[in-house]
Amino acid sequence: MATVTQTIDYETAALAADHFNVEAVSEEASLEAGAQRHPLLDLSKEDPASLVPRPPVVVVMGHVDHGKTSLLDAIRATKVADSEAGGITQRIGAYQVEKNHRLITFIDTPGHEAFTAMRARGAVVTDVAVLVVAADDGVMPQTEEAIQHARSAGVPILVAINKIDKPGANVDKVLAQLAEYELLSDQYGGNTTMVRTSAKSGEGIAELLEMILLVSDIQEPRANPNRLAVGTVIDSHLERGRGPIATLLVQNGTLHVGDNIVVGGTFGKVRALIDDMGKKVKEAVPSMPVVVTGLSDVVEAGALAQVVATEREARSIAELFSRQKAERLSYPSRRLTLEELAARAKEGEPKSFTLILKADAQGTIEAVKGQIQKLQNDEVNIKFVAEGVGAITESDVNLAAASQAIIIGFNVRYDDRVKQLADEEGVDVRLYDVVYRVTEDLEKAIKGLREPVFHDVEIGRAEVRKIYVFDGKNSIAGANVQDGKITRQSTIVVLRKEQEIARSGIKQLKRFKDDVREVAKGYDCGVSLDAFDQFEEGDVLVAYIREQEE
C-alpha cells in the first residue's frame with residue numbers, strides 16, 4: 001500500500017489511472033505539448049541558469065452575482081499608494097498586489113468565456129484559477145462552466161467561498177456541492193484549497209492571497225528577464241487622443257520603451273508604458289501588466305505579442321502573419337472532425353474522442369451521454385470536457401477550440417455568430433434529434449469509416465428586379481424566379497456580373513405578404529438573407545440544396 005505522502009513513478013501512476021479509465025500524462029509530455037503550441041513561450045530552450053522566479057498570474061471566475069467583482073475590489077484595495085487616497089487611478093484589465101513582499105498578478109476578465117477565448121487563440125496566461133462561489137447561493141450553472149473551463153486548461157483551482165457573513169450562508173452545503181464536481185476541501189482530506197471570504201468585511205482576503213502564493217509555489221513559475229519580451233494581449237481598444245492602446249501581460253523577457261513590437265498582423269514601436277497605477281514606466285518585467293501605446297491598429301485580445309530587433313523584421317513578421325491569415329480564411333480547415341478521427345482510426349492511432357454535449361434538458365443529457373459511453377471499450381476512450389442544458393454558445397465553441405473537442409448538440413440550435421466563430425476556429429458542430437444517429441456517426445468514426453459526403457445541387461435561379469429597404473437597412477430583394485424553384489431551406493449564392501459576391505441561408509421567403517416554403521418558375525417573390533443585404537437590380541440568386549452522396 002502506498003501512503004498519501006508517498007511519491008510514485010509515472011509508470012505506476014499510469015497503470016493506476018488506466019484502471020480507473022483516466023488518462024495519465026507525464027510532466028515531460030505535458031511540457032512538450034505546451035512547447036509545441038507556444039514556441040515563443042517555450043522555456044525549455046532557455047538556459048536554466050537564466051530563469052528566475054516570477055509572480056504568479058491569477059484569473060478569478062465564477063457565477064454572476066457571486067461577488068467576483070467585489071472580491072477583486074477588496075483585493076485591489078489591499079494595494080494603496082501612500083500619496084493617493086484611492087491608490088488606483090485607472091483599471092487596465094490586470095493589476096498586481098503585494099503579499100509577504102511578493103507580487104501576485106490578477107487578470108480581470110469578464111468571465112470564463114474571455115479566459116477560454118484567449119486559450120483558444122493559443123494564449124496560456126494564468127497559473128492559478130480562483131473559483132468564487134457565494135455561500136448563500138451555492139454552485140450555479142456558470143460555476144459549473146468555470147470548473148470545466150479551468151480543468152480543460154489544466155490550471156489548479158483554488159475556491160473562494162464568498163459572502164460567508166450574509167444571512168442564509170451555508171458553507172457546508174457549498175462544500176457538499178463542490179464535492180460532487182470532485183473539488184474536495186483539503187480540510188477534509190481532499191486536494192482543493194478552499195478559503196472562506198467576505199468581500200464586504202475583508203475577512204479571508206489575506207488568507208486567500210497567502211494560499212494563492214502557496215499553490216503557485218508548487219508550479220514554480222519562472223521566466224528569463226534578460227531577453228526580448230514575449231507576452232499576451234489582455235485587452236485592446238481605441239482611445240481618443242492616444243490612438244490604439246493594448247493592455248499587455250509580459251510573460252518572458254523585459255519590455256522597454258522604444259522596442260519594436262509585433263502583434264499578429266500589427267506592428268509598431270512602444271511609445272509609452274503605463275503600469276496598473278497609471279504611472280509611466282520605462283520597462284515591464286515578466287508577469288507585469290502594462291498599457292502599451294504605439295501600435296498601428298487595435299489588436300485581438302489573446303493575441304501573442306513579441307519584441308524583435310528591428311522595425312524591418314517587425315514589418316516582415318506582421319506581413320507574413322497577414323498573408324497566412326488570409327490564406328486560412330480562403331481555405332478554412334477544421335481542427336478536428338469525425339472524418340479526421342475516422343482517418344486516424346484507419347491508420348491505427350489510439351481512438352480518443354473529446355466531446356462537448358449540449359441538450360434541451362438534463363434528462364436528455366444523461367440519456368445521450370449514457371448511449372455514447374456504451375461505445376467506450378479498451379480501444380476507445382471517450383472524454384466529455386463539458387456538458388450543459390441550452391443552446392450552443394460562443395463559450396462552447398471557444399472551449400472546443402481550446403480542447404480539440406467536437407460539439408454534439410441534441411434538440412438544440414445555435415445562432416449565426418456561433419456558426420461564424422465555429423467556422424473561424426475550425427470547430428466541428430453536430431446537431432441531432434435522434435439518439436441512434438449520434439451513436440451511429442461516432443461508431444462509423446470509431447470503425448474508421450468515412451463520414452457522409454455532401455455536394456451542392458442547383459435547384460433554381462431568380463433575377464432581382466427591385467430593392468425594398470426598411471429602416472435604412474435589411475434590404476429585401478424583389479425577384480422573379482426564371483428557372484426551377486427557390487425553397488426556404490435552400491442556400492442562396494448571389495451572382496453579380498457572373499461573379500459570386502455572397503453565400504447565405506434564407507431569412508425570409510415571401511409571396512406578397514405571406515411567408516412561403518417555395519416559389520416556382522415564373523412567379524415573383526421577396527427574398528431576405530441571413531448574412532447579406534446589399535442587393536442591386538440585375539443580381540442573380542442561385543438556389544442550392546445539399547445532397548448526400550451514396
Side-chain angles (χ1 to χ4, degrees), residues 1-8 10 12-25 27 30 56 58-63 66-68 71 112 115 126-166 168-198 203-219 362 365-366 369 373 383-388 399 403:
M1 289 297 291
T3 62
V4 173
T5 54
Q6 188 175 327
T7 303
I8 57 174
Y10 171 68
T12 309
L15 281 168
D18 187 54
H19 179 73
F20 293 103
N21 294 322
V22 176
E23 185 183 358
V25 180
E27 192 175 6
S30 180
V58 181
V59 65
V60 181
M61 300 190 290
H63 190 75
H66 276 202
K68 180 175 81 82
L71 196 65
H112 55 261
F115 166 72
T126 50
D127 302 305
V128 180
V130 173
L131 180 71
V132 181
V133 187
D136 62 330
D137 211 7
V139 174
M140 300 295 279
Q142 277 177 290
T143 319
E144 189 181 336
E145 280 186 32
I147 294 168
Q148 291 168 345
H149 288 233
R151 277 206 175 124
S152 175
V155 179
I157 299 172
L158 194 155
V159 179
I161 302 174
N162 198 29
K163 302 187 182 181
I164 55 168
D165 52 355
K166 199 171 175 185
N170 188 340
V171 175
D172 290 335
K173 179 188 168 189
V174 175
L175 291 172
Q177 288 177 329
L178 289 169
E180 290 175 22
Y181 295 91
E182 294 172 28
L183 292 176
L184 190 62
S185 171
D186 50 8
Q187 295 171 1
Y188 296 97
N191 55 7
T192 305
T193 303
M194 300 195 184
V195 182
R196 294 161 169 78
T197 62
S198 167
E203 185 183 341
I205 301 296
E207 188 190 346
L208 180 65
L209 296 176
E210 281 176 11
M211 288 299 116
I212 288 169
L213 289 172
L214 198 65
V215 170
S216 71
D217 281 346
I218 298 166
Q219 296 173 286
Q362 189 60 44
I365 288 175
E366 288 162 13
K369 191 175 175 183
Q373 284 174 328
K383 188 168 76 172
F384 291 88
V385 289
E387 56 193 68
L399 181 57
S403 54

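In this text the structure is predicted, and so the values were computed from the model without any measurement.
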Grab the two heavy atoms, one from [X] and one from [Y], that are nearest each other, plus how far apart they are.
| X | Y | result |
| --- | --- | --- |
| Ile157 | Ile147 | CD1-O, 4.2 Å |
| Leu184 | Met194 | C-CE, 4.0 Å |
| Thr126 | Val58 | CG2-C, 4.2 Å |
| Ile212 | Leu158 | N-CD1, 3.8 Å |
| Glu182 | Arg151 | O-NH2, 3.4 Å |
| Ala146 | Gly62 | CB-N, 4.4 Å |

Take atom CG in Asn191; do more than 12 heavy atoms of anything else shown fall under 6.0 Å from it?
-> no
Give me the one residue out of Leu178, Val60, Val139, Thr192 that meets side-chain contact (heavy atoms from CB on, under 4.5 Å) with Leu131.
->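 Exactly one candidate clears the test, Leu178.
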Once you round to the nearest 0.5 Å, how far does [atom1] of [X] lie from [atom2] of [Y]?
| X | Y | atom1 | atom2 | value |
| --- | --- | --- | --- | --- |
| Glu144 | Glu387 | CD | CD | 7.0 Å |
| Met211 | Thr197 | CE | OG1 | 13.5 Å |
| Ile164 | Glu203 | CD1 | CD | 3.5 Å |

Is there a side chain to side chain contact (heavy atoms under 4.5 Å, CB included) between Val128 and Gln219 once you walk through the steps?
-> CA-CA 10 Å; Val128 180; Gln219 296 173 286; 4.1 Å; yes
Please walk me through it: do Leu208 and Leu71 pass side chain to side chain contact (heavy atoms under 4.5 Å, CB included)?
-> CA-CA 10 Å; Leu208 180 65; Leu71 196 65; 4.2 Å; yes
Step-by-step side chain to side chain contact (heavy atoms under 4.5 Å, CB included) determination, Leu175 to Ile161 = CA-CA 9 Å; Leu175 291 172; Ile161 302 174; 3.9 Å; yes
Under the side chain to side chain contact (heavy atoms under 4.5 Å, CB included) criterion, do Leu214 and Thr193 qualify, and how do the steps go?
-> CA-CA 10 Å; Leu214 198 65; Thr193 303; over 6 Å; no
Can you find a heavy atom in the side chain of Val159 that is under 4.5 Å from one in the side chain of Val174?
-> no
Under a 4.5 Å cut-off applied to non-hydrogen side-chain atoms, are Met140 and Thr143 in contact?
->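 Answer yes - side chains close enough.
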